[in-house]
Amino acid sequence: MFNYNVKLALKSMRRNPIMTALMIAAISVGIGVCMTTLTVYYLMSSNPIPHKSDVLFAVTIDSWNPLRPFDDDYPERAPHQLTFHDAERLIDVGKGIRQTAMFESSLIIEPAGEDQLPFEVGARVTYTDFFPMFDVPFLFGSAWDRSADTNGEPVVVLTRELNERLFGGADSVGETLTMQGMRFQVVGVIDTWEPTPRYYDPINGGFQRINEMFIPFSLTRVLELNSTGSDWGWKSEDITSFEQWLNSESVWVQYFVQLDSPRDRDDYVTHLDAYVTEQKKLGRFERPMNNSIHNVTEWMEYHEVVANDARVLVGLSFLFLIVCLLSTIALLLTKFVGKNSETSLRRALGASRNAIFRQQIVEVAVIGFAGGLLGLMLTLLGLEGIEYLYEAPPGLVNLDWLMVTTAIAIAIASSMVAGLYPAWRVCRIPPAAQLKTQ
Amino acid sequence: MGFGPMMSSLMRNKTGAILVALQIAVTLAIVINSLFIIMQRVEKMNRDSGIDVPNVIITDVRGFGDDFNVVDSISNDIELIKSIPGVIAATVSNHAPLTGSGSGTGLRTVADETVVPVGTARYRWSEEGLDALGVELARGRNFYPEEVQYILPTSNSAAPASILVTQALADELFPDEDALGKTVYWGSLEPSTIVGIIDHMHGSWVNWSKLGNVVVQPGKPAYTNNRYIIRVQPGMRDEVMPLIEQRLGESNRRRVVKDVRALEDIAARSYRRDRGMAIVLTVVISFLIGLTGLVIVGLSSFHVTQRTKQIGTRRALGARRIDIVRQFMLENWLITTAGAALGVILTVAVAYWLEVSFELPRLDWRYLPGGIVVLWVLSSIAVYEPARRAASVPPAVATRSV
């Protein structure tokens with residue numbers, strides 16, 4: 001029976017090719033536009049680390065200007081980054097828990113031989129806990145020893161890409177490279193890792209590539225590393241040496257902790273409060289006490305990782321889908337009305353209302369399926385276009401199985417909804433009524 | 001010709017007419033709101049930056065090694081760059097405008113920390129800076145060469161005696177007076193005197209509401225990264241860029257030439273979200289208008305076929321072709337207008353949603369009548385051909401038994 005229905009559907013579609021093409025076009029364009037914007041939104045708002053997003057926390061403390069808040073639009077907010085010296089001391093405050101202070105910098109890899117050219121690479125200056133906290137996968141070797149976090153040892157973890165460029169992709173653990181006149185030892189190479197959004201640093205861009213290498217935070221002093229990310233200052237201080245810069249009130253260091261239970265969280269905030277209270281005695285932190293920890297989702301909302309444009313597009317494209325559905329209903333209705341005589345004949349020959357209804361619904365489903373497939377192709381094309389327009393790193397904008405299934409499901413469901421009313425209208429045609437008038 | 005046959009045929013296919021009207025309403029809401037957003041983005045991208053963007057090149061270099069002397073390197077580089085034919089002016093600068101990265105500061109007109117400062121982008125460049133960007137000085141003077149010193153990262157230089165500000169910043173600092181010659185105070189409350197006023201110039205962050213606020217300090221920043229702003233004669237840019245890269249690379253092996261880029265490309269990148277949004281929306285509304293148009297054509301053609309008998313009868317009873325065309329056009333016009341009326345309400349609702357949820361500016365009401373007129377024209381075009389075909393049904397068809 002189903003096969004017969006499909007056969008009738010195809011026959012009826014062929015009889016009116018322009019109408020059929022229009023319906024398929026309407027559904028596919030609707031699906032194409034909707035799925036493109038929805039995929040972009042889904043990627044921007046997706047939880048990049050679902051199993052840990054509620055145990056990883058960004059730390060903020062309010063060391064800002066006593067006269068005005070860090071952000072005039074959100075006066076309740078503390079600065080989003082810490083001063084270098086506060087970050088260093090917080091490492092002691094949080095002893096025993098997984099935690100990292102970090103910032104972005106860049107170094108020059110000096111040529112080993114005459115035939116090579118020096119080049120600059122971006123680095124994340126961080127603690128060894130960075131890797132287990134953010135679930136960074138390793139290809140070769142491992143993170144550096146904890147001792148490197150305090151001794152300023154010149155060790156480096158490379159990304160797969162940089163390892164490819166420097167060592168042709170071989171296991172380079174134990175190899176050395178020269179940066180800032182210092183010989184660094186490679187201790188690990190990480191596997192491909194592109195968290196989207198780059199949740200651990202939305203401040204310097206949620207959709208940037210990750211930095212090409214990682215080096216210990218304790219090298220900041222040794223190499224006089226400057227941040228290439230954002231820094232904010234409010235106090236005019238006399239700075240004539242790097243040490244004075246490190247001790248200044250400028251905020252440029254990001255801080256993350258992992259706290260597994262609500263009790264750990266309470267304890268940690270208590271420790272933060274104690275630290276700030278102690279600093280207040282020294283005349284710093286003149287603003288009201290404002291220490292907080294923000295989990296991954298909160299932190300991304302805080303930095304408005306999802307662009308408003310993406311939301312506007314999703315809203316408008318769903319309105320677009322409504323237009324497509326209205327078109328489909330109007331077209332179906334017209335088409336079914338045109339089939340009145342055929343329906344009457346079938347009814348007169350004994351087809352039940354039910355059979356007619358099923359017949360129409362199958363026809364609609366076939367159209368929906370075709371529209372969905374074509375819509376998926378349009379989505380792929382649309383995403384390609386988005387990637388090009390927004391200069392997204394290649395591979396960032398992708399269609400996964402969830403989105404593919406969603407697309408087909410939306411296509412079929414919406415065409416069924418569109419088809420219900422016309423099908424109902426058609427099966428109410430009395431048998432032979434049409435035959436009589438002719 | 002009366003409304004009679006038209007109304008009766010509309011009433012016979014009530015649902016169809018309502019559906020088309022609804023479709024037109026939603027189409028109007030999307031098209032008008034999208035067009036409004038597109039126009040804003042286009043306006044934003046086309047703002048005058050005050051800079052000779054097409055002829056400016058930005059170059060980043062960075063030295064390494066203990067024996068690297070940054071001051072020597074900068075002075076040699078500038079000399080070398082200026083020796084390249086076609087180069088008009090070059091300076092080292094802390095940042096370049098329109099790039100999205102820069103330095104910001106606050107200025108006050110009184111030496112009082114409790115006064116809220118006026119936010120502005122801050123640049124530091126040599127006496128050639130204005131020329132290197134092609135920026136016009138409206139009044140006052142440029143820096144004297146003796147005011148321009150090398151600034152090392154560790155030399156906490158005192159506030160400069162002379163500074164330049166843009167007219168926009170001057171107006172915000174001194175709304176009722178001429179800013180030229182006035183004293184302003186930095187965060188440290190150190191004073192500087194405004195010696196020149198730049199007519200108009202954009203700063204670093206294109207999405208900032210105070211993009212036109214710029215203050216310039218004299219100096220040659222000698223930090224780890226050295227950024228050069230270079231202006232060339234019109235049309236010479238693409239010729240000069242590879243030369244800069246090549247000559248700088250050859251002149252000193254203890255230095256990496258990180259980037260030689262056209263300011264035009266950097267600025268386009270800064271505006272990529274706006275450009276992207278405008279293009280995406282344009283594609284969406286093109287699809288939408290195309291689809292709605294085709295659906296109207298499709299439905300009308302179908303109705304023509306359906307109503308062959310009715311048309312034939314009317315023709316046989318003396319209706320002229322023009323009457324038939326008019327009937328179809330009028331029928332369509334009525335549906336479109338009903339849709340447009342509903343569409344106005346929907347458009348305002350969507351505009352309200354955008355304004356409240358996303359802090360988008362309020363919809364300009366003039367878009368509404370504009371949109372309705374466009375709809376009328378488009379739907380008339382869409383229905384004309386089917387209507388003409390309907391009119392050509394010969395009267396004899398009516399009498400034929402089908």
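Lettering of chains follows the sequences in order, A, B, ..., and the numbering in each one begins at 1.
Atom NZ of Lys235(A) and atom CD of Glu113(B) lie 9.5 Å apart (nearest 0.5 Å). Atoms CG and CH2, from Leu316(A) and Trp353(B) in turn, are 6.0 Å apart once rounded to the nearest 0.5 Å. With values rounded to the nearest 0.5 angstrom, Leu326(A) atom CG is found 5.5 Å from Leu22(B) atom CG. Going from atom CG of Leu189(B) over to atom OG of Ser236(A) covers 6.5 Å, rounded to the nearest 0.5 Å.
Contacts between residues 26-33 of chain B and chain A, counted as heavy-atom pairs separated by less than 4.5 Å, involve Val26(B), Thr27(B), Ile30(B).
For the options Arg254(B), Arg269(B), Arg253(B), heavy-atom pairs under 4.5 Å to chain A are most numerous at Arg269(B). For the options Gly382(A), Gly181(A), Gly30(A), Ser106(A), heavy-atom pairs under 4.5 Å to chain B are most numerous at Ser106(A). Across Ile296(B), Val20(B), Val257(B), Leu299(B), the residue that shares the most heavy-atom pairs under 4.5 angstrom with chain A is Leu299(B). Contacts with chain A were tallied for Gly65(B), Gly290(B), Ser188(B), Ser103(B); Ser188(B) has the most, counting heavy-atom pairs under 4.5 Å. Counting heavy-atom pairs under 4.5 Å between each of Val283(B), Leu288(B), Leu281(B) and chain A puts Leu288(B) at the top.
For Thr37(A), no part lies under 4.5 angstrom from a heavy atom of chain B. Val29(A) touches chain B through its side chain: at least one heavy atom from C-beta onward sits under 4.5 Å away, while N, CA, C and O do not. With a 4.5 Å cut-off on non-hydrogen atoms, Tyr390(A) touches chain B through its backbone and its side chain both. Neither the backbone nor the side chain of Leu325(A) comes within contact range of chain B; no heavy atoms are under 4.5 Å apart. Neither the backbone nor the side chain of Tyr388(A) comes within contact range of chain B; no heavy atoms are under 4.5 Å apart. In this structure, the portion of Leu354(B) lying under 4.5 Å from any heavy atom of chain A is its side chain and not its backbone. Using a 4.5 Å cut-off between heavy atoms, Val33(A) contacts chain B through its side chain alone, with no backbone atom that close. For a residue to count as touching a neighbouring chain, one of its non-hydrogen atoms must lie under 4.5 Å from one of that chain's; by this rule Ile329(A) touches chain B with backbone and side chain alike. When heavy atoms are compared at a cutoff of 4.5 Å, Asn226(A) approaches chain B solely by way of its side chain, counted from C-beta outward.
Nearest heavy-atom pair, Val256(B) versus Glu120(A), reported as atom, atom and distance to 0.1 Å: CG1-N, 4.4 Å.
A donor and an acceptor atom, one from each side chain of Ser357(B) and Arg311(A), are nowhere located under 3.5 Å apart.
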